[in-house]
Amino acid sequence: MSLYQRFSAHVADALAALTAAGDLPAGLDTRAVTVEPPRDPTHGDLATNAAMVLARPSGMKPRDIAIMLAQKLARLPDIEAAEVAGPGFINLTLRPDVWRAELRHIAAEASDYGRSTMGADHRVNVEYVSANPTGPMHMGHCRGAVVGDALASVLAYAGYGVTREYYINDAGGQVDTLARSAHLRYREALGETIAIPEGFYPGDYLVPVGEALARDHGDRYVGAPEAEWLALFRRETVALMMIRIREDLKLLGIEQDVYFSEASLGNRVQEALETLDAKGLIYEGVLEAPKGETAEDWEPRPQTLFRASRFGDDSDRAMKKSDGSWTYFAGDVAYHWDKLARGYDALVDMFGADHGGYVKRMQAAVKALSDGKVPLDIKIVQMVKLLRAGEPVKMSKRSGNFVTLADVVDEVGKDVVRFIMLTKRSDSQLDFDFAKVVEQSRDNPVFYVQYAHARIASARRKAVEAGIVLPDPDFALLDDTDLALVKAAAQWPRIVEQAAEAREPHRIAFYLGDLAAAFHTHWNLGNDDPQRRLVLADNPALTAARLALADAVGQVIRNGLSVMGVEAANELH
RNA sequence: GCGCCCGUAGCUCAGUUGGAUAGAGCGCGGGACUUCUAAUCCUGAGGCCGCAGGUUCGAAUCCUGCCGGGCGCACCA
């Protein structure tokens, strides 16, 4: 039980006692009662809004409730002061020993400090990346990959059962184009001089694919009609591309649990359609022409439609094209139907910004298929603008000349890429400047956090080098200035729960920045006052206590970084 | 025309899901330090939270309507 949960329970107990004594009416709804650290630290360590929330339903004045509640809370041994403030807040100041105990708690829990049970008994499927297997990973995929992966980690850390999943779009026309492009490279590998026509994939990455195909099949398919090789080339090329993609993802430390092939859906598409049909949600019809800009080639066509508009979408959506073949959407419906069948309590999809228009129909489908029981949360990930010392990096998709994920990881490192991708809310645009992200300065949050961790490690090294014999730490030696650091570290369990609840992993990065700042501030006190330094050669007892304090901060930084998929450094170069 | 996202300090962004006097970094003003706990630090100024209403004890946060920016708008994936 975290510190916050403990005091939450104290407040609940106090309210129950007041109710039992007849000071509060029975049956009050206390769900809106919160116990949180106030924004302004001068207001104490914790504050509760209980009196204000309960004023109306109890027909009492907030201050009257607050005074009664504060008196009860003030009697608790862990609480130094309980004061009524403002419109009816109760500000709680905890005894310093509470923070000393928390310090022991951090040390004891170590890498588990901050883990939560909030997600126990809940299984969540997080689908991310899901890049088309038509080329290696480039930077466009990178952010969704990192954010999705970190989100999955946050949820796991918060106790959810998490499946990390990748949907392979290996069934559409793009994959045929890929197979044809690979066939060209195959002929090239056998000695032909080829020209790559417009509309084919021109990238060099298909050269080794062509070589592999040539190795495996000889010249059997050189002059053969497409029907003889297309399916084979499609399958083998996709398989090779997926190997490549998984290697790329591994460079970022990402390994997903399930790689789900669209092509493997088979008759599940039909089954999903029938499931919807049984609910009366499928019909043959003609969609209205889109308003506004008149599409030049629009004409009314009868299609098999899903009544998405009943579930909040703007329009009904086609499951089958006018020629009777499945739409991409139909496959995705079947895929989500499959996920539902696997028994998840919640689904999360990461979408690129350009797929924003797809959100409502997907949610409509899941709502329809699960009878509204399983929420589908779709997170939109905005573009990353690549810069080099302030100048935009030029990319041309046509020539196949894009910045690959592998190149970027190679240049700046996995940890930098991952951290930077989490330094902003995922639905806002992000600048990624190759120069800035490796800069060693206060401006660079990666460095700033790593530097704090490295300083902590170096302080202990220094104590050892100085030959200081450290006794067991006695936290009674720590004063309020030291304990302020514990308060910052003790926020971690809350941050985990908030990030999981909001499904916003960037909160971890922001928190670590704050925690690092608190540590650096504490460290800097030693500049003016040598007695405030962590390592004091003439005071082994205080050194031991301060180093243990620093270790606790280091532990929390490590825990946070590990959720982000970033390694903590013990020294920087 | 419709839908979604966004609008917070000069700039880049946070903002504990409705809490108290709205925060951080950069930049700007002032100061400290000639060092190794300075790969800086302290401090100050800077705000109509796009605008106008509404909901309530209380709104940057929720609702409505405008204004401004981005994205998407039948069979592609």
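We name chains A, B, ... by the order of the sequence lines, and we start the count at 1 in each one. These values consider heavy atoms only, across backbone and side chains, with no hydrogens, waters or symmetry-generated copies.
- Across all strands shown, I495(A) has no heavy atoms under 4.0 Å from either base or sugar-phosphate atoms.
- At a threshold of 4.0 angstrom between heavy atoms, the contacts of A85(A) include nucleobase atoms, whether or not backbone atoms are also involved.
- The side chain of P38(A) sits closest to A20(B) out of U17(B), A77(B), A20(B).
- For A14(B), the OP1/OP2 oxygens have no side-chain nitrogen or oxygen of R507(A) closer than 4.0 Å.
- Straight-line distance between the C1' atoms of A20(B) and U61(B): roughly 15 Å, to the nearest whole Å.
- Of the candidate nucleotides G3(B), A20(B), U56(B), G3(B) has the atom lying nearest to any side-chain atom of K360(A).
- Between S428(A) and A14(B) there is a side-chain polar atom (N or O) within less than 4.0 angstrom of OP1 or OP2.
- Among the heavy atoms of the strands lying under 4.0 Å from G172(A) are primed sugar atoms or P, OP1, OP2 only; no base atom is included.
- A side-chain N or O of E497(A) and one of S116(A) form a donor-acceptor pair less than 3.5 Å apart.
- Look at CD1 on I380(A): it is 13 Å from C1' on G3(B), rounded to the nearest Å.
- Closest to the Y328(A) side chain, of the nucleotides A39(B), U37(B), A77(B), is A77(B).
- Residue contacts shown for R442(A) are limited to sugar-phosphate atoms, with no base heavy atom under 4.0 Å away.
- Among the protein residues, A171(A) comes within range of no part of the nucleic acid, since none of its heavy atoms lies under 4.0 Å from any strand.
- Counting any heavy atom pair closer than 4.0 Å across all strands shown, D314(A) reaches sugar-phosphate atoms only and no base atom.
- At the heavy-atom level, Y451(A) lies under 4.0 Å from base atoms of the strands shown.
- Within the 4.0 angstrom heavy-atom criterion, no nucleotide atom of any strand lies near V175(A).
- The listed nucleotides are C26(B), A39(B), A77(B); the one nearest the side chain of N169(A) is A77(B).
- Among the protein residues, E299(A) comes within range of the nucleic acid bases, having at least one heavy atom under 4.0 Å from a base atom.
- Comparing C42(B), G15(B), A20(B) by their nearest atom to the side chain of E504(A) picks out G15(B).
- T327(A) comes within 4.0 angstrom of the backbone, heavy atoms only, and of no base.
- K320(A) comes within 4.0 angstrom of no nucleic acid atom, judged by non-hydrogen atoms across all strands.
- Between U37(B), U17(B), G19(B), one nucleotide has an atom nearer to the side chain of F89(A) than all others, and that is G19(B).
- Looking at the side chain of R425(A), the nearest of the listed nucleotides C41(B), G3(B), C6(B) is C6(B).
- Contact annotation: H506(A) side-chain N/O to G15(B) OP1/OP2 distance is under 4.0 Å.
- For K462(A), the side-chain atoms get nearest to U37(B) when compared with the rest of U17(B), A39(B), U37(B).
- Within 4.0 Å of D313(A), counting heavy atoms only, lies no atom of the nucleic acid at all.
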